[in-house]
Amino acid sequence: MPVRDLKLPQDRHPEKAHKPDNRQPKKPDWIRVKAPVSKGYKATRDIMREHNLVTVCEEAGCPNVGECWSQGHATMMIMGEVCTRACSFCNIATGKPPEALDVFEPGRVADAVFKLGLNHVVITSVDRDDVEDGGAEHFAQTIRAIRRKSPETTIEILTPDFLKCDPAVLELVVAARPDVFNHNLETVPGLYPEVRPGARYFHSLRLLQRVKELDPSMFTKSGIMVGLGENRQSVSQVMDDLRAADVDFLTIGQYLQPTPKHHAVDRFVHPDEFAAYEKAAYGKGFLMVSATPLTRSSYHAGDDFQRLRAARLARLAK
């Protein structure tokens with residue numbers, strides 16, 4: 001079997017290789033970012049390389065990588081760099097993961113968090129449908145390893161949906177007590193067949209709701225992208241669904257097309273529309289909302305966590 005080179009588009013996304021190209025429209029001025037060149041960016045990159053860690057910042061081509069890494073913030077991606085799902089928007093490599101879960105990875109993540117001196121860390125992963133528990137215990141071990149090494153660091157996780165697992169595996173993750181449990185809906189339900197075909201909208205909603213049932217004190221978070229073909233009414237419905245699941249924190253950001261083979265950008269949403277989404281979401285009862293063109297799940301996550309905690313205290317004080 002030939003070795004895959006994940007730097008080559010046809011090897012990185014074999015399921016997309018034969019799809020027709022989608023036009024990539026020119027980005028408007030409000031979402032252009034500078035190339036990363038700072039010393040802080042290079043220092044963060046070196047620590048990631050030293051510990052043989054994967055970051056979603058690089059794998060997903062996040063536009064904020066220069067800003068975040070220059071401040072020592074990075075979202076670490078566990079369980080390898082090959083995902084068993086093939087979402088049409090995502091730039092993470094897809095296919096059958098070539099390796100089992102690395103039992104030493106939680107310790108390496110904890111060491112990197114300690115060396116970076118992080119006050120808040122975000123841990124995400126690829127989907128591992130090939131693993132019986134979907135990687136739930138691996139998440140729990142990573143959380144515990146960070147707690148031992150950096151007890152003052154707050155921990156945010158961005159998990160898969162554990163769709164093909166026993167529902168009880170979610171209890172393993174919640175029992176490890178992350179400070180924030182994030183699982184993204186990614187888009188409106190009507191676009192799931194073309195954008196997130198391996199997932200189920202109402203399963204993801206139920207996952208978030210069940211986290212609150214297992215631990216009512218745990219902050220929950222979810223996010224969607226806009227510019228995929230949704231309309232305002234469908235975004236409003238997602239807000240209502242998330243509030244019905246008692247989700248605390250909502251993120252909304254602009255979808256950016258990684259390559260011509262990925263889902264086409266339907267439109268670039270104007271900042272004024274993002275501001276309207278933010279106002280509407282607060283009106284529906286979210287504790288925290290981040291809605292801007294460059295918003296991503298873990299963008300400014302540490303500062304947002306402090307604001308989230310303060311918002312809860314303020315609401316309880318009323």
Side-chain angles (χ1 to χ4, degrees), residues 1-28 31-33 35 54-65 75 77-101 124-131 134-135 158-165 183-204 223-231 234 253-269 293 296-297:
M1 183 176 177
V3 177
R4 291 175 67 185
D5 182 349
L6 299 186
K7 293 184 175 63
L8 298 175
Q10 65 271 25
D11 283 2
R12 189 174 182 83
H13 301 290
E15 80 290 346
K16 297 180 176 71
H18 300 294
K19 288 188 174 182
D21 287 358
N22 287 312
R23 185 181 67 86
Q24 292 180 284
K26 183 180 178 182
K27 296 175 185 175
I31 56 173
R32 292 180 184 173
V33 294
V54 179
T55 68
V56 75
C57 320
E58 289 182 292
E59 295 301 312
C62 179
N64 304 316
V65 64
T75 298
M77 191 170 78
I78 59 175
M79 302 199 292
E81 58 183 326
V82 178
C83 184
T84 54
R85 304 282 176 91
C87 298
S88 67
F89 65 87
C90 186
N91 199 36
I92 291 170
T94 57
K96 184 178 179 181
E99 70 283 304
L101 298 183
T124 188
S125 77
V126 292
D127 271 283
R128 290 294 299 259
D129 293 322
D130 60 316
V131 177
L158 173 55
T159 75
D161 58 14
F162 305 115
L163 178 64
K164 300 182 180 181
C165 311
H183 173 65
N184 285 333
L185 295 183
E186 306 292 8
T187 188
V188 302
L191 290 176
Y192 262 55
E194 57 185 285
V195 173
R196 202 177 175 220
R200 300 293 178 269
Y201 178 79
F202 288 104
H203 173 87
S204 287
I224 63 169
M225 298 167 288
V226 290
L228 284 159
E230 72 298 319
N231 58 36
S234 61
Q254 170 71 52
Y255 167 62
L256 298 176
Q257 184 181 345
T259 75
K261 299 296 184 184
H262 284 76
H263 193 287
V265 173
D266 178 70
R267 67 189 179 103
F268 289 109
V269 177
R296 296 296 181 267
S297 291

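What you see is a predicted model, and the numbers here were worked out from it, not measured in a lab.
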Going by heavy atoms in the side chains, are [X] and [Y] under 4.5 Å from each other?
X	Y	result
Leu191	Tyr201	no
Glu186	Ile224	no
Arg196	Ser204	yes
Lys261	His18	no
Asn184	Leu158	yes
Pro25	Phe268	yes
Thr259	Asn91	yes
Gln254	Met225	no

Suppose we screen for side chain to side chain donor-acceptor pair (under 3.5 Å). Which residues come up paired with [X], at least two apart in sequence or across chains?
X	answer
Asp161	Arg85
Glu194	His263
Ser125	none
Asp266	none

Which atom names give the shortest non-hydrogen contact between [X] and [Y], and what distance separates them?
X	Y	result
Val131	Gly135	CG1-N, 3.9 Å
Cys87	Lys16	O-NZ, 3.2 Å
His13	Ile92	CE1-O, 3.1 Å
Gly227	Tyr255	O-CD2, 4.1 Å
Pro160	Asp127	CB-OD1, 3.1 Å
Val82	Pro98	CG2-CD, 4.0 Å

Hits for side chain to side chain contact (heavy atoms under 4.5 Å, CB included) against Asp130, two or more places apart or cross-chain, chain-then-number order -> Thr84, Pro97, Arg128
Side chain to side chain contact (heavy atoms under 4.5 Å, CB included) with Arg200: which residues, sequence neighbours excluded?
->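 For Arg200, the residues satisfying side chain to side chain contact (heavy atoms under 4.5 Å, CB included) (neighbours in sequence not counted) are Leu163, His203.
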| task | For Val126 and Met77, run side-chain contact (heavy atoms from CB on, under 4.5 Å): C-alpha distance rounded to whole Å, both residues' side-chain angles, the deciding distance at 0.1 Å, then the answer. | result | CA-CA 7 Å; Val126 292; Met77 191 170 78; 3.9 Å; yes
* Asked: side chain to side chain contact (heavy atoms under 4.5 Å, CB included) with Ser88: which of Thr187, Asn22, Val195?
  ->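 The residue from Thr187, Asn22, Val195 that satisfies side chain to side chain contact (heavy atoms under 4.5 Å, CB included) with Ser88 turns out to be Val195.
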Would you say NZ of Lys164 has more than 12 non-hydrogen atoms from neighbouring residues, nucleotides or ligands within 6.0 angstrom?
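Count not over threshold, so no.
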Requested in this report: Please lay out, stage by stage, how Leu256 and Arg296 fare under the test side-chain contact (heavy atoms from CB on, under 4.5 Å).
Outcome: CA-CA 11 Å; Leu256 298 176; Arg296 296 296 181 267; 3.4 Å; yes
